[in-house]
Amino acid sequence: MLATKEHDIETPYGLLHVVIRGSPKGNRPAILTYHDVGLNHKLCFNTFFNYEDMQEITKHFVVCHVDAPGQQAGASQFPQGYQYPSMDQLAAMLPSVVQHFGFKYVIGIGVGAGAYVLAKFALIFPDLVEGLVLMNIDPNGKGWIDWAAAKLSGLTSTLPDTVLSHLFSQEELVNNTELVQSYRQQIGSVVNQFNLQLFLNMYNSRRDLDINRPGTVPNAKTLRCPVMLVVGDNAPAEEGVVDCNSKLDPTNTTFLKMADSGGLPQVTQPGKLTEAFKYFLQGMGYIAHLKDRRLSGGTVPSASMTRLARSRTASLTSASSVDGARPRACTHSESTEAMGQINHTMEVSC
C-alpha cells in the first residue's frame with residue numbers, strides 16, 4: 001500500500017482537503033479524483049484504488065484525491081449563511097491543487113458531481129488535463145420541473161435517501177442490497193449533513209455543460225483530451241451519460257457501459273473498470289510495459305470492445321501488445337491502430 005499524506009490547500013474559494021498517495025513520477029501526469037455528492041474520496045474510490053490490479057497501475061503515478069469542500073470525514077460544519085462554491089468555482093479551485101504539488105497536468109477520474117466538476121475544469125483549463133474518466137456524468141442542468149420535483153422529494157425524504165436515489169439504480173434500491181444499506185449508514189454518519197446539503201443544492205442548481213460535438217454548431221466547445229465515459233446499465237445517470245457521449249468529439253471518446261454494475265461501477269466492478277482504465281492509459285502511451293497476469297494466455301478477458309453501430313466494427317484482439325512500445329490493440333479492415341488513435345466513438349460493453 002502506497003503511503004498517503006493529507007493536505008489542506010488554499011484556493012481562491014476556500015480550503016480544499018486533498019490526499020496524496022505515492023509520489024510524483026517524473027513527467028507523468030497525476031491521477032486526480034473527484035467524488036460524487038454524498039460521498040468523499042474514501043467512500044467513492046477506496047474499493048477501486050485498493051483493488052490489486054489497480055495498484056499495479058497506480059504505482060506508476062502519483063494519485064491526488066480531492067474532497068469537495070466540507071465533505072471529508074471529520075470536516076467542520078460550515079457556519080449558517082455560508083455560500084457554498086458554485087460548480088464553476090469548484091472547478092476553478094483545482095489549478096491551486098495542481099500548482100501546489102507542481103503537477104504539469106492530470107488525468108482526472110470523476111463520478112457524478114465530481115465528473116461534472118472535472119469536465120468543467122478541462123473546459124476552462126484544457127492545458128492542465130491530459131485525459132478524463134467520467135463516470136455517471138450528467139451534462140445537463142435541471143429544468144424547472146426536475147428542480148420542483150427534487151424540492152418536493154427533499155421535503156418527504158431524508159437526505160441520505162435523496163442521495164441514494166442519485167447514486168443507485170432503482171433495482172438496487174428496491175432490493176435494498178447490502179451495498180445500499182452500507183452506503184445509507186455511511187452517508188448518514190461519515191459526511192456532515194449540513195455541508196452535504198449545501199453541496200447537493202449546488203449540484204442540483206448546475207447549468208448545462210457548454211459542450212457540443214465539433215461541427216454541429218459554430219465555435220463548438222468540447223473536451224479536447226481523450227475521454228472515457230462510464231455508466232452501469234440501468235443506472236440513474238445512464239440517460240445523461242448517453243447524452244454526454246453525443247456531445248463529445250467521437251475521435252477521442254470511449255463509451256463504457258457496464259453490465260451488472262448498478263450505480264457505482266467503481267465499487268461493484270473494480271476489476272472490469274481497472275482493465276478498461278489500463279487500456280485507456282495505454283492509448284495515451286503510458287504503462288505500455290505493464291503486465292497483466294490474467295493476459296498470459298494471449299487473449300483479452302471479459303471486456304470485449306465493440307464500436308457503436310454507426311461506426312466501423314472493431315474488437316480488441318491480441319493482448320501480446322501490452323509489452324510493446326505503444327499498445328496496438330484495435331484492429332479493423334483498414335488498419336491497426338493504437339487505442340489513443342481510434343477515430344470513432346467506441347462503445348465498450350462488459
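What you see is a predicted model; the values in this text were computed from it and never measured.
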For this session: Could you tell me which residues satisfy side chain to side chain contact (heavy atoms under 4.5 Å, CB included) with S182, sequence neighbours excluded, listed by chain and number?
Result: Q186
Problem set entry | Close side-chain approach of M54 and P270, heavy atoms under 4.5 Å | no
Exercise. Is there a side chain to side chain contact (heavy atoms under 4.5 Å, CB included) between T47 and Q266 once you walk through the steps?
Worked result: CA-CA 7 Å; T47 301; Q266 79 279 15; over 6 Å; no
Exercise. Can you find a pair of side-chain heavy atoms, one from Q197 and one from N201, that are under 4.5 Å apart?
Worked result: yes
Exercise. Residues two or more places apart in sequence or in another chain: which of them pass side chain to side chain contact (heavy atoms under 4.5 Å, CB included) with D210?
Worked result: N212, K221
For this session: Answer yes if L179 and V37 sit in the same cluster of Ile, Leu, Val, Met, Phe, Trp and Tyr residues linked by side chain heavy atoms under 4.5 Å apart, and no otherwise.
Result: yes
Problem set entry | V242/F255 under side chain to side chain contact (heavy atoms under 4.5 Å, CB included): CA gap, chis, key distance, verdict | CA-CA 8 Å; V242 169; F255 180 32; 3.8 Å; yes
For this session: Taking atom types as modelled, find out whether N140 and D243 have a side-chain donor-acceptor pair closer than 3.5 angstrom.
Result: yes
For this session: Spell out, as yes or no, whether a donor-acceptor pair under 3.5 Å connects the side chain of K25 to the backbone of S23.
Result: yes
Exercise. Any chance the side chains of Y183 and E172 put a donor and an acceptor closer than 3.5 Å?
Worked result: no
Problem set entry | Verdict with supporting geometry, I9 and V66, side chain to side chain contact (heavy atoms under 4.5 Å, CB included) | CA-CA 10 Å; I9 309 299; V66 176; over 6 Å; no
Problem set entry | Within-4.5 Å side-chain heavy-atom neighbours: L264 and D36 | no
For this session: Applying side chain to side chain donor-acceptor pair (under 3.5 Å), name anything that partners E6, two or more places apart in sequence or on another chain.
Result: H17
Exercise. Quick one: are V190 and K42 in side-chain contact, heavy atoms under 4.5 Å?
Worked result: no
For this session: Could you tell me whether the side chains of N40 and H35 share a donor-acceptor contact shorter than 3.5 Å?
Result: no
For this session: State, with a plain yes or no, whether a side-chain heavy atom of L94 is found less than 4.5 Å away from one of L128.
Result: no
Exercise. Looking only at atom types and distance, does a side-chain atom of E238 sit under 3.5 Å from a main-chain N or O of N234, one as donor and one as acceptor?
Worked result: yes
Exercise. Tell me, do M202 and S205 make a side-chain contact under 4.5 Å, heavy atoms counted?
Worked result: yes
Problem set entry | Those residues that, when tested against Q170, pass side chain to side chain contact (heavy atoms under 4.5 Å, CB included) (two or more places apart) | L173, V174
Exercise. Would V19 and Q72 count as a side chain to side chain contact (heavy atoms under 4.5 Å, CB included) if you check the C-alpha gap in whole Å, the side-chain angles of each, and the deciding distance to 0.1 Å?
Worked result: CA-CA 10 Å; V19 174; Q72 70 270 25; over 6 Å; no
For this session: Please check if atom CD in Q181 has more than 12 non-hydrogen atoms from other residues, nucleotides or ligands closer than 6.0 Å.
Result: yes
For this session: Give a yes or no answer on whether the side chain of Q193 reaches the backbone of V191 with a donor-acceptor pair at less than 3.5 Å.
Result: yes
Name every donor-acceptor pair, under 3.5 Å, that has one atom in a side chain of residues 74-84 and the other anywhere in the protein, sequence neighbours excluded.
unit_1	atom_1	unit_2	atom_2	d
Q77	OE1	N192	ND2	3.4
Y84	OH	P69	O	2.7

Just distance, no hydrogens or angles: give the donor-acceptor pairs under 3.5 Å from side chains in residues 102-125, sequence neighbours left out.
unit_1	atom_1	unit_2	atom_2	d
K104	NZ	N27	OD1	3.1
Y116	OH	R207	O	2.5
K120	NZ	D88	OD1	3.2

